[in-house]
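Shown next, in structure tokens, is the structure this report addresses.
Index from 1, following the sequence. Here the structure is a predicted model, which is why all the values come from computation and not from measurement.
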Amino acid sequence: MHVSTHQAKEDFRNEDLKIYLNGDIVEKANAVVSVYDSGFMLGDGVWEGLRLHNGQWTFIDEHLDRLFEAARAIDLDIGLDREAVEKALVQVQQANSMHTDAHARLMVTRGVKTRPFQHPSLSQSGPTFVIIAEHSQPKLPRPIKLASVPHIRGLPMSQDPKLNSHSKLNCVLACIAAEKAGADEALMLDVNGFVNTTNACNFFIVRKEQVWTSTGDYCMNGITRQKVIDLCKENNIEVYEKNFSLSETYSAKEAFLTGTFGAQTPVGEIDGRVIGDGTMGPITSFLRQAYKDLIKKVTN
């Protein structure tokens, strides 16, 4: 059975969600955009994911920083300021009676095009802004299995991997390749052949009681990734952002992923090789608890 880093408990409340669509709160069945929308047609847009804990959208400042920076990078005017985006999030939260264990995906595209072609000047009606918030409690039945794939995260001058772009085909193809190899998700290398990230999350290993992650040059500038690095430093755990190889990964004592949804997800197997004893290791477990404690601290 394949699982994913976004595995969640079934929640019947998600059948009747209310969605934010261009300033309105609409029923899930009516939350539709035009086939001429530049996001549908070209993947021309950016997105951001947030978690709701104890009534608060956790680390919202960092997430909105990243959203607005990404929009500026692709010359996209979101059409709302930060206060309006926060207000929209609260609207969705209240419309769906959400207090905790919810996940929001903010999506902004360049909007509806006048003709079905690439040039951004054809998007003349203003941006499309959508917020989907789901009741979502992570539920992972076992550690994730990864497979290394030929697809890489590219250079900033091609498609900057630090952007949460709607154009995710490269990562989708990586995930498909991993599933074809019998794994759950893909472990992607960087342009120099060093271990980088997965198709959906940032990646860490533990060797000799040290925590290693990639240099960060070719991966998403993950907010949870940075929190884990900070927690390591605060708790006197040696942590390094560095280049390392697949062979060093195979002999790691532990491996885990970080992301807004799953926080810290243990990895049990890479390319058919069992990592450690295949279960969550002690440092991963410690960091998971430290992160939970941090969430409680910032939401109380």
Side-chain angles (χ1 to χ4, degrees), residues 5-6 48-51 53 56-67 69-70 103 138 140 143-144 146 152-153 156 160-164 171 185-192 194-246 248-249 251-268 270 275-276 280-299:
T5 50
H6 296 97
E48 190 63 37
L50 294 93
R51 290 289 294 174
H53 294 282
Q56 296 185 42
W57 294 103
T58 313
F59 308 127
I60 187 171
D61 287 339
E62 289 101 321
H63 283 287
L64 292 188
D65 282 347
R66 193 165 65 178
L67 178 68
E69 286 170 6
H103 190 83
L140 191 67
I144 287 284
L146 300 178
I152 65 170
R153 293 294 183 99
D160 194 334
K162 295 191 186 316
L163 287 178
N164 261 344
C171 294
E185 295 197 359
L187 183 59
M188 303 175 74
L189 307 182
D190 67 21
V191 296
N192 300 305
F194 294 111
V195 173
N196 187 13
T197 180
T198 74
N199 56 275
C201 296
N202 291 116
F203 179 74
F204 288 76
I205 61 172
V206 180
R207 289 175 55 91
K208 299 179 181 180
E209 313 308 315
Q210 298 173 345
V211 174
W212 294 4
T213 191
S214 69
T215 62
D217 293 334
Y218 306 104
C219 69
M220 169 56 60
N221 52 336
I223 291 166
T224 310
R225 174 185 186 271
Q226 187 59 53
K227 299 300 179 186
V228 165
I229 291 170
D230 294 343
L231 285 170
C232 285
K233 293 176 179 178
E234 291 168 14
N235 289 279
N236 297 315
I237 298 171
E238 289 186 70
V239 60
Y240 298 97
E241 297 174 78
K242 58 176 293 181
N243 290 321
F244 57 94
S245 67
L246 269 176
E248 289 174 301
T249 299
S251 58
K253 288 185 176 180
E254 305 175 37
F256 62 93
L257 313 179
T258 61
T260 298
F261 179 85
Q264 296 78 36
T265 302
V267 175
I270 301 173
I275 304 301
M280 186 189 308
I283 290 182
T284 305
S285 181
F286 175 84
L287 289 170
R288 277 170 62 97
Q289 186 57 54
Y291 186 77
K292 289 178 181 178
D293 293 342
L294 175 63
I295 295 295
K296 289 179 182 178
K297 180 179 178 181
V298 301
T299 57

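A donor-acceptor pair under 3.5 Å is formed between the side chain of R153 and the backbone N or O of T198. Although no hydrogens or angles enter the test, the distance criterion places no donor-acceptor pair under 3.5 Å between the side chain of H53 and the main chain of K296. With R66 contributing its side chain and N221 its backbone, the two residues share a donor-acceptor pair below 3.5 Å. A donor-acceptor pair is defined here as one N or O able to donate and one able to accept, closer than 3.5 Å; such a pair exists between the side chain of D160 and the backbone of K162. Put simply, the side chain of T284 never gets that close to the backbone of M280: no donor and acceptor are under 3.5 Å apart. Looking at D190, its side chain does come within 3.5 Å of a backbone N or O of N192 through a donor-acceptor pair. Not a single donor-acceptor pair under 3.5 Å links the side chain of N202 to the backbone N or O of T224.
F261 and H103 have perpendicular rings, their planes meeting at more than 60° on a 0 to 90° scale where under 30° would count as parallel.
Residues Y291 and Q289 bring no donor and acceptor atom of their side chains to less than 3.5 Å of each other. Donor-acceptor pairing under 3.5 Å is lacking for the side chains of S214 and E241.
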What do the steps show when you test R207 against E248 for side-chain contact (heavy atoms from CB on, under 4.5 Å), and what is the final call? CA-CA 9 Å; R207 289 175 55 91; E248 289 174 301; 4.1 Å; yes

Using the rule given for side chain to side chain donor-acceptor pair (under 3.5 Å), can you reason through T5 versus E185, listing the C-alpha separation, both sets of side-chain angles and the distance that settles it, and then say yes or no? CA-CA 8 Å; T5 50; E185 295 197 359; 3.0 Å; yes

Please determine whether side-chain contact (heavy atoms from CB on, under 4.5 Å) holds for the pair Q210 and I283, giving the CA-CA distance in whole Å, both sets of side-chain angles, and the decisive distance to 0.1 Å. CA-CA 9 Å; Q210 298 173 345; I283 290 182; over 6 Å; no

Worked verdict on F203 versus I270 for side-chain contact (heavy atoms from CB on, under 4.5 Å): CA-CA 12 Å; F203 179 74; I270 301 173; 3.8 Å; yes

Under the side-chain contact (heavy atoms from CB on, under 4.5 Å) criterion, do L257 and F204 qualify, and how do the steps go? CA-CA 6 Å; L257 313 179; F204 288 76; over 6 Å; no

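Pairing each heavy atom of V191 with each of I152, the nearest pair is CG1-CD1, 3.8 Å. When every heavy atom of M220 is checked against every heavy atom of N164, the shortest pair comes out as CE-OD1, 2.9 Å. Nearest heavy atom pair, residue I144 against residue T265, reads CG1-CG2, 3.5 Å. When all heavy atoms of G216 and C219 are compared, the closest pair comes out as CA-SG, 3.6 Å. Heavy-atom minimum distance, G49 versus T260: O-CG2, 3.6 Å.
Between R288 atom CZ and T258 atom OG1 the span is 12.5 Å, to the nearest 0.5 Å. Once rounded to the nearest 0.5 Å, the distance linking CD of Q226 with CD1 of I229 reads 4.5 Å. The structure places NE2 of H63 at 7.5 Å from OG1 of T58, a figure rounded to the nearest 0.5 Å. Note that CD1 of I205 is 4.5 Å distant from OG1 of T249, once rounded to the nearest 0.5 Å.
Two residues are said to be in side-chain contact when any heavy atoms from C-beta on lie closer than 4.5 Å; K208 and K253 fail this criterion. Under the 4.5 Å side-chain criterion, counting only non-hydrogen atoms from C-beta, V211 is not in contact with E238. Looking at F286 and L231, their side chains never come closer than 4.5 Å, going by heavy atoms from C-beta outward. Looking only at side-chain heavy atoms (C-beta outward), L187 and N199 stay at 4.5 Å or farther from each other. Between V195 and S245 there is no side-chain heavy-atom pair separated by less than 4.5 Å. Contact annotation: the side chain of V228 never approaches that of R225 to less than 4.5 Å [non-hydrogen atoms, C-beta and beyond]. I223 places a side-chain heavy atom less than 4.5 Å from the side chain of E48.
Partner of E254 under the side chain to side chain contact (heavy atoms under 4.5 Å, CB included) criterion, out of P282, P266, S285: P282 alone.
Figure legend: K227 and F59 shown as a cation-pi pair, the cationic atom lying under 6.0 angstrom from the six-membered ring centre and within 45 degrees of its axis.
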